[in-house]
Amino acid sequence: MKVHVADHPLVSHKLTVLRDRETDSPTFRRLAEELVTLLAYEATRDVRVELVEVTTPVTTANGVRLSEPRPLVVPILRAGLGMLEGMQRLLPTAEVGFLGMIRDEETLEASTYAERLPDDLSNRQCYVLDPMLATGGTLAAAIDFLVERGADHIIAITLLAAPEGIARLEEELEDVDVPVMLVTAGLDERLDEQGYIVPGLGDAGDRLYGVV
Ligand code: URA
């Protein structure tokens, strides 16, 4: 798995405000979207395109456009929803599928409780949105799900990642032939005993939408 930690002062600035516990939900949502748009720029470096010719007011020019099938953006419910608009700003014609995954707070294992995705993901590049790569269980299960459906290139975008989560993903992906890349705004120190990323930003879903 290729790991790309975005190294840009605007990314670091926005991430710092997200970490601050004094940042309220509306500001958190806006900054998360802006941050994802910056990450999306890095994450779509290998988005598939095809050559086209256009007629300019002066002459013709060679260019590119997004290939078919269009990329699929998959926010993982619920916190991944807070990243969707930021991604769509850069890839407005991508299709969107939804994957609902829940983490058992005791075992920290993830399971699927809802999905709305095409049955056949052959030749699809899939952009999975999940703000926090903590234990790696949720993302590993989501990637498995997409690979089972035929996805042939998966790019996971997170706001933060923990070394434990990256290690688990690498282990679980050992036998997976599909290329997977992780793009994140920050790589933090570790997980605490509850599985929270340290120093982290707390519960991303609660920060985005309040405690429910
Ligand atoms: N999920 C979160 O929302 N935050 C963490 O720190 C870990 C998992």
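First listed ligand is number 1; within each ligand, the first listed atom is number 1.
R70 and E68 are joined by a salt bridge, as a carboxylate oxygen and a charged side-chain nitrogen come within less than 4.0 angstrom of each other. Salt bridge status for D24 with R29: absent, with no side-chain N to carboxylate O gap under 4.0 Å.
Every residue was checked against the salt bridge (charged side-chain N to carboxylate O under 4.0 Å, His left out) condition with R190, not counting sequence neighbours, and none meets it.
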Please list every donor-acceptor pair under 3.5 Å in which a side-chain atom of residues 110-118 meets a protein atom from a residue at least two apart or in another chain.
from: E115; atom 1: OE1; to: L117; atom 2: N; distance (Å): 3.2
from: E115; atom 1: OE1; to: R149; atom 2: NH1; distance (Å): 3.4
from: E115; atom 1: OE2; to: R149; atom 2: NH2; distance (Å): 2.9

Which side-chain N or O atoms in residues 82-91 pair as donor and acceptor under 3.5 Å with protein atoms at least two apart or in another chain?
from: R89; atom 1: NH2; to: E33; atom 2: OE1; distance (Å): 3.4

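Side-chain N or O atoms of D188 include one that pairs as donor or acceptor with a backbone N or O of G200 at under 3.5 Å.
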Between ligand 1 and the protein, which N/O pairs fall short of 3.5 Å?
from: ligand 1; atom 1: 3 (O); to: A204; atom 2: N; distance (Å): 2.7
from: ligand 1; atom 1: 4 (N); to: G202; atom 2: O; distance (Å): 2.8
from: ligand 1; atom 1: 6 (O); to: I197; atom 2: N; distance (Å): 2.8

